[in-house]
Amino acid sequence: MERAADARAIAPTVRGAHPARPQWRGHPYPLGATWDGAGVNFAIYSDNAERVELCLFDAKGRRELERIALRERTDFIWHGYLPEARPGQRYGYRLHGPYDPARGLRFNPNKLLLDPYAKMIVGALRWNDALFGYRVGSRREDLSMDARDSAGAMPKCEVIDPAFTWGNDRHPHTPWKDTVIYELHVKGFTRQHPDVPPQLRGTYAGLATAASIHHLRSLGVTAVELMPIHTYIDDKRLVEQGLRNYWGYNSIGFFAPDMRYSATGTLGEFKTMVKALHAANIEVILDVVYNHTAEGNQLGPTLAFRGIDNGVYYRLAEDPRYYVDFTGTGNTLTTMHPIALRLIMDSLRYWVTDMHVDGFRFDLATSLTREAHDVDRFGAFLDILRQDPVLAPMKLIAEPWDLGENGYQVGGFPPGWAEWNGRYRDDIRAYWKGDGGLVGDTASRIAGSSDIFAPSGRGPTSSINFITAHDGFTLRDLVSYNDKHNEANGEGNRDGESHNRSWNCGVEGPSDDPAIVALRMRQSRNFLATLFLSQGVPMLLAGDEMGRTQQGNNNAYCQDNVTSWVDWSIDDDARALLAFTARVIALRKRHPLFQRRTFFLGRATDAVQKDIVWLNPDGGEMTDEQWGQSSSSSFGAALSGQGVTERDEHGHPVVDDDLMLLFNAHHEAVAFKLPDGGGPPWAALLDTSSDDGAPLAGEHPPGSSYSLQARSLALLGRPRA
């Protein structure tokens, strides 16, 4: 291809016996390595570097062939164009500059560095002391400088050919109100699936198989939320213990899907997975970790950002030798520097435009909103996302907390965002556990948490409701253990949350007692029914629908084994729970009342009845006194079928049957009197007291009593009068 007329050859710095490659001026944009059909443009930002070398490796990434100085610098972007380079070329960088940690500068050209914009990272990191910019064991610690070459222990970047036939692939753009999220680990979901070909288990391709997609569709899932698939590093401590960072919250490459989950070692496999899921009308949401990197604190390795320009990418403390840590990992990526912020935005756009994903769940999202040290909901990160034409229409989900001051921000994100609602998890767990005085909080969570989200002008779909997630007990363990059992993690059972709001139903761990097993199954049904019949967006943890257990480990981040993998060899109880889960999701989808975009008003919407009436077991409206009683554990909610406040695509009002939810967390049954207001009789649609959730047969006239069993939930319905 003919390059621009002003392109000029630059003599490269060459290492080894290979002849020098021609190098042209190239362009500062786009950043990264870009194949244009004739050659590759390389561009990398560094404000404080004095010299930048592009290092080229052989096809296996083992032998360094050349070092080429990038001598063109435009606005601190170092760039060059290699007309003979092709996709598959493996490379890295070495940056020269001051090694002065006391000033926040950590350049060390002996350390091979990954390109922050690398679209493919291949090979495994092999831990040894050469990976550290300082001499490990030195009395001066990181103030010393290590001269060993780290290239042999480093993975390598690889130039990609982005071509892929997407055909008519489109984003499903499922409305938030219709969304059902399923959180899964790419490897763990299919690693033991008997109907996935062995060579595809635990991979992107495995998730794209008919068996995987059939399971998701039969449940009623509309979106999968993939735990981190950005290239990540296994922590040195874990590797030394024979463990690994299974969850992957230790990113080092924000553009590169981790190839450990690839059966073919190609980017096309990830794209094919997305295309297959879209064909099944299932969205793909990525759990992304932009709050920190795998380089850790001042005693961590030098792998990329630290050696490229430390203060550009990280929040440095008042003493710039050290890092501000809002994440508990040793460092925090900064959104105050425009280049680091641009890196995040460019990465997000790449995953939408090139990889066709549909949204993002931001790990420890509060850290991304901090200007200086304080949380700022009008800060640069949130403002840029909100106005970006590519990203704003995507599903944006915040994990609304970090470890810094004022870090718990549930309800604090602006319109356009949904949030993991940690208060929903905590309140619903505590209610079904049997803790007293929670009917008010529980009712708020079931109704969409207006107390949390309405003040900022947002609706119930801002709340991502969940009972369990990857971090914590599985659903089965939530009803089987009072205490965590994390001994296998090698930290003396000190890691993981100690306050789980769990209840073992009388026996810690596995039990053969039929009464205990039955109670645990009922509690599981209670949690699932509550989740899917609440206002907001439900999220189900993979395997909970089949009673997956981690044997009481509530922090299985390092367990890449059967502890974490979904067990598909299900027994009769698991099969029944699976059928129940699909049934209650179908009920949710059948009734628009469970998919509201606006909060209940608590007043009449049709001049006949209120859109929601909170009931006591006597059939009357809950009083202020009853809401505050510590002994209250039973209540109901009558929902008017004309209180949907929705219109269809033709502008016609959406109506539903009248529905009634009855809750009883007490250890004794309750005769729940149905309101005596006339109208058709009620029919039970769901009752968690039965093994399969089948309701009690027969009709229930207004004014009659419904026998609500101990620790159970019932859903009743009737057509509009």
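Note that this is a predicted model, so its numbers are computed, not measured.
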**OP:** For His499, check ring pair (Phe, Tyr, Trp, His ring centres under 6.0 Å) against everything at least two apart and list the hits.
**Re:** none
Subject >> Lys/Arg N to Asp/Glu carboxylate O, Arg370 vs Asp402, below 4.0 Å >> reply: yes
**OP:** Give me the ring orientation class for Tyr290 and Phe362: parallel if the planes are under 30° apart, tilted from 30 to 60°, perpendicular past 60°.
**Re:** tilted
Original post:
Under a 4.0 Å N-O cut-off, is there an ion pair linking Asp427 with Arg445?
Top reply: yes
**OP:** Output all residues satisfying ring pair (Phe, Tyr, Trp, His ring centres under 6.0 Å) with Phe305, sequence neighbours left out; order by chain, then residue number.
**Re:** Phe254, Tyr313
Subject >> Stepwise ring pair (Phe, Tyr, Trp, His ring centres under 6.0 Å) test for Phe532 and Phe580 >> reply: CA-CA 11 Å; Phe532 291 109; Phe580 175 85; 9.2 Å; no
Original post:
For the side chain of Thr461 and the backbone of Lys177, is there at least one donor-acceptor N/O pair under 3.5 Å apart?
Top reply: no
Original post:
Considering residues at least two apart in sequence or located in another chain, which fulfil the ring pair (Phe, Tyr, Trp, His ring centres under 6.0 Å) criterion with Trp247?
Top reply: His470
Subject >> Salt-bridge criterion met for Asp426 and Arg423 (N-O under 4.0 Å) >> reply: no
Original post:
Should the heavy atoms of other residues, nucleotides or ligands under 6.0 Å from CG of Asp571 be counted, would the total exceed 12?
Top reply: yes
Original post:
Should the heavy atoms of other residues, nucleotides or ligands under 6.0 Å from CZ of Arg377 be counted, would the total exceed 12?
Top reply: yes
Original post:
Can the ring centres of His485 and Tyr481 be said to be less than 6.0 Å apart?
Top reply: yes
**OP:** Please work out whether the ring planes of His171 and His356 are parallel, tilted or perpendicular, with thresholds of 30° and 60°.
**Re:** tilted
Subject >> Contacts of Phe453 that satisfy ring pair (Phe, Tyr, Trp, His ring centres under 6.0 Å) - sequence neighbours left out >> reply: none
Subject >> From Ile384, Leu348, Thr353, residue fulfilling side chain to side chain contact (heavy atoms under 4.5 Å, CB included) relative to Leu391 >> reply: Leu348
Subject >> Of all pairs that satisfy ring-ring contact (aromatic ring centres under 6.0 Å, His included), the ones with a partner from residues 191-210, not counting sequence neighbours >> reply: His193-Trp568, Tyr204-Phe270
Original post:
Donor-acceptor pair, Arg548 side chain versus Gly543 backbone, under 3.5 Å?
Top reply: no
Subject >> Charged N-O contact under 4.0 Å between Asp388 and Arg386 >> reply: no
Original post:
Do Glu283 and Lys395 sit within salt-bridge range, that is, some charged N less than 4.0 Å from a carboxylate O?
Top reply: yes
Original post:
Side chains of Ser564 and Gln559: is there a donor and an acceptor less than 3.5 Å apart?
Top reply: no
Subject >> Tyr249/His230 under ring pair (Phe, Tyr, Trp, His ring centres under 6.0 Å): CA gap, chis, key distance, verdict >> reply: CA-CA 9 Å; Tyr249 290 91; His230 287 171; over 10 Å; no
Subject >> Distance in Å, Asp178 CG paired with His173 NE2, rounded so as to fall on 0.5 Å steps >> reply: 14.5 Å
**OP:** Identify, with sequence neighbours excluded, every residue that meets salt bridge (charged side-chain N to carboxylate O under 4.0 Å, His left out) alongside Lys589.
**Re:** none
**OP:** Measure the spacing between CD1 of Ile397 and CH2 of Trp417 and express it to the nearest 0.5 Å.
**Re:** 9.5 Å
Subject >> Ionic contact status for Asp560 with Arg260, cut-off 4.0 Å >> reply: no
Subject >> Presence of salt bridge, Glu545 and Arg575, under 4.0 angstrom >> reply: no
**OP:** Indicate whether any N or O donor in one side chain lies under 3.5 Å from an N or O acceptor in the other, for Thr549 and Asp477.
**Re:** yes
**OP:** Please tell me if the side chains of Tyr314 and Arg306 come closer than 4.5 Å, counting only heavy atoms from C-beta onward.
**Re:** yes
Subject >> Euclidean distance, Leu226 CG relative to Phe189 CZ, rounded to 0.5 Å >> reply: 10.5 Å
**OP:** State plainly whether the residues Arg237 and Glu491 are in salt-bridge range, i.e. N to O under 4.0 Å.
**Re:** yes
**OP:** Give a yes or no on whether the backbone of Gly206 and the side-chain of Ser212 come within a donor-acceptor separation of less than 3.5 Å.
**Re:** yes
